[in-house]
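Working notes for the structure below.
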Amino acid sequence: MTEERLRRWRLLLGPSAEDVAQLGDDDQRRDGALTGLYGGGSERGAGLGASSPQLHRWLGDVRKYFPTSVVQVMQRDAVEKLGLKQLLLEPELLQSVEPDVNLVGTLLQLSRAIPARTRDTAKAVVRKVVEDIEKRLKDRLVEAVRGAVDRSRRTHRPQLQDVDWATTIKANLKNYQPQHKTVVVEDLIGHLRRSRTAAMRDVILLVDQSGSMADSLVHAAVLGSALASIRSISTRLVVFDTEVADLTDQLSDPVDLLFSAQLGGGTDINRAVAYAQTQVRRPTDTVIAIISDLYEGGSEAELQRRVRELVASGVTVVNLLALSDSGTPAYDHELAAKLSALGAPAFACTPDKFPELMAAALRKDDLTQWAESEGIATGR
C-alpha cells in the first residue's frame, strides 16, 4: 500500500489507527478537526466542546484545511450533532463560518432569538448567500422570462414601429421578386406594444415556510426578487404556514424579506391558495407556483376544489415540491398525484432549472412533458 493511501486511511480511521501512518503537522490539524466533530474511533462520539472559543478555533482549522463543499457539510453536522445553534448567535462566531444555504436556514429559524449585537452580522452572512444565488441565476431567469413573454405576445397585425423586420423578411422570402430585387411582404410579424404601466403576465409564488422548506424559501426569495425586476411580469410572493403573509412589498430586498419570514409551524396550503385566488386578475395570463412538500394540515378537499377552479379558469398552476439542490425531497405522494390529475403538475425543481420552468409556464407549455424532457420526476 502506498504512503499516500496509508495517510488517507489514517485520516479516515482517526487516532485509534495511529500506527497505520505518521501524520505531518497539517494532517494532524485536519485529524484534530475531524476528531473534534466525529470522534476518534469505531465508537463514534463527538468531542468538540460547546464553547465559543474552542468552536471558533475549530472553524478556523476547518476552513483552512478542507475545501468549501466539505466545510459546509462539517458546519451543518456540528450544528445538528452537537446542538450548537445558540453559539451561532454570537457575532464573533458567525464571522468565522462559511456561508451557505443550510446555514441561512438555521439563522432564519433562530431569527426571533438573534440579539441586536448579532443581527447585523447575521444579515451579512445571509446577504452573501443571497448575492451568490443572484450571481448564478438572476441573469438567466430574466433572459428566459423576457424571451418567453416576448414570443408569446407575437402578433401578425403589429403597428409599424413594432414590426420585427428580421423575422418578417425571413417569413416572406418565398415572395422574393428577382426582377425587382425585392421581397413582397404579405405577412407582417411583430410584437404587441408593451404598456408602460401594465404587466403582460402575473406570477404568484406561494412559499411554504415550514422548517423543512428552509432552502426553498431562500431560493424563492431571491428568484422572486429577480422576477419582480422584470417590467413585463407582475410578481407577488406570499409565505404561509397556518397563516398567510404577503411579502410582495419587500421583494426589492430579499434579505429583509427572509428575516420577515417565520420558519416553522404548521401548514395550511388551502388557506394560501384561497388568498392567491383573490389576487388573480387575468386567469389566462397568470401563473401560480405552490412551493411546498404538500403535507397539508388544512382542508385537502377544499384545496383540490380551489386548484380545480383555478385550472378551469385558465390559470397555470404548478406545484414545486422543493426549490433546492438537496436532492429528492420528502413529500405527500398521494396529494401530489391528485393535484397533478387536476392539471397542476407536481415535481421537485432545482434552482438551476427554475428559469426554464418559469419560461415554459409563461408560454403555457405542457409542464409535465417539459419536466420529463429535463429528466425531472413528476409527483404522480
Looking only at heavy atoms, which two atoms of [X] and [Y] are closest? And how far apart?
X      : Y      : answer
Pro355 : Ala144 : O-CB, 3.7 Å
Glu296 : Ile269 : OE1-N, 2.7 Å
Ile230 : Ala226 : CG1-O, 3.7 Å
Val317 : Pro345 : O-CD, 3.5 Å
Thr235 : Ala228 : OG1-N, 3.6 Å
Lys138 : Ser229 : CE-OG, 4.0 Å

Pair Val315-Ile204, side-chain contact (heavy atoms from CB on, under 4.5 Å): steps then yes or no: CA-CA 11 Å; Val315 175; Ile204 303 174; over 6 Å; no
Do any N or O atoms from the side chain of [X] and from the backbone of [Y] form a donor-acceptor pair under 3.5 angstrom?
X      : Y      : value
Tyr331 : Tyr295 : no
Ser340 : Ala346 : yes
Ser225 : Ala221 : no
Thr248 : Leu237 : yes
His219 : Pro351 : no
Asn319 : Ala344 : yes
Arg119 : Ser111 : yes

Give, for atom [atom1] of [X] and atom [atom2] of [Y], the distance between the pair rounded to the nearest 0.5 Å.
X      : Y      : atom1 : atom2 : value
Leu205 : Leu247 : CG    : CG    : 11.5 Å
Gln262 : Leu217 : CD    : CG    : 11.0 Å
Asp215 : Leu108 : CG    : CG    : 10.0 Å
Arg363 : Trp370 : CZ    : CH2   : 10.0 Å
Asp352 : Arg140 : CG    : CZ    : 5.5 Å
Gln277 : Leu310 : CD    : CG    : 4.5 Å

Using 4.0 Å as the upper bound for N to carboxylate O, is an ion pair formed by [Y] and [X]?
X      : Y      : value
Glu356 : Lys353 : no
Glu131 : Lys135 : no
Arg136 : Asp132 : no

Would you sort out whether Phe66 and Glu98 count as a side-chain contact (heavy atoms from CB on, under 4.5 Å), showing the intermediate values? CA-CA 11 Å; Phe66 296 94; Glu98 184 68 38; over 6 Å; no
When Leu362 is tested against each of Ile233, Thr316, Leu357 for side-chain contact (heavy atoms from CB on, under 4.5 Å), which residue passes? Ile233
Worked check of side-chain contact (heavy atoms from CB on, under 4.5 Å) between Leu303 and Leu335: CA-CA 10 Å; Leu303 171 61; Leu335 182 53; 4.0 Å; yes
Worked check of side-chain contact (heavy atoms from CB on, under 4.5 Å) between Ile133 and Val101: CA-CA 9 Å; Ile133 297 172; Val101 171; 4.2 Å; yes
For residues 260-275, pull every pair meeting salt bridge (charged side-chain N to carboxylate O under 4.0 Å, His left out), keeping only residues two or more places apart or in separate chains. Glu243-Arg271
Among pairs that include at least one residue of residues 251-267, which meet salt bridge (charged side-chain N to carboxylate O under 4.0 Å, His left out), considering only residues two or more places apart or in two chains? Lys123-Asp256, Arg127-Asp253
Does a side-chain heavy-atom distance below 4.5 Å link [X] with [Y]?
X      : Y      : answer
Phe259 : Val126 : yes
Met213 : Val207 : no
Ile288 : Val280 : yes
Asn270 : Glu300 : no
Phe354 : Leu227 : yes

Which residues satisfy the side chain to side chain contact (heavy atoms under 4.5 Å, CB included) test with Thr242, sequence neighbours excluded?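 Thr242 satisfies side chain to side chain contact (heavy atoms under 4.5 Å, CB included) with no other residue.
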Suppose we screen for side-chain hydrogen bond (donor to acceptor under 3.5 Å, both in side chains). Which residues come up paired with [X], at least two apart in sequence or across chains?
X      : answer
Glu143 : none
Asp293 : Ser212
Asp241 : Gln209

State, without any angle test, whether Asp208 and Ser210 hold a side-chain donor-acceptor pair at a distance under 3.5 Å. yes
Crowded around Glu334 CD? As in, over 12 foreign heavy atoms under 6.0 Å? no
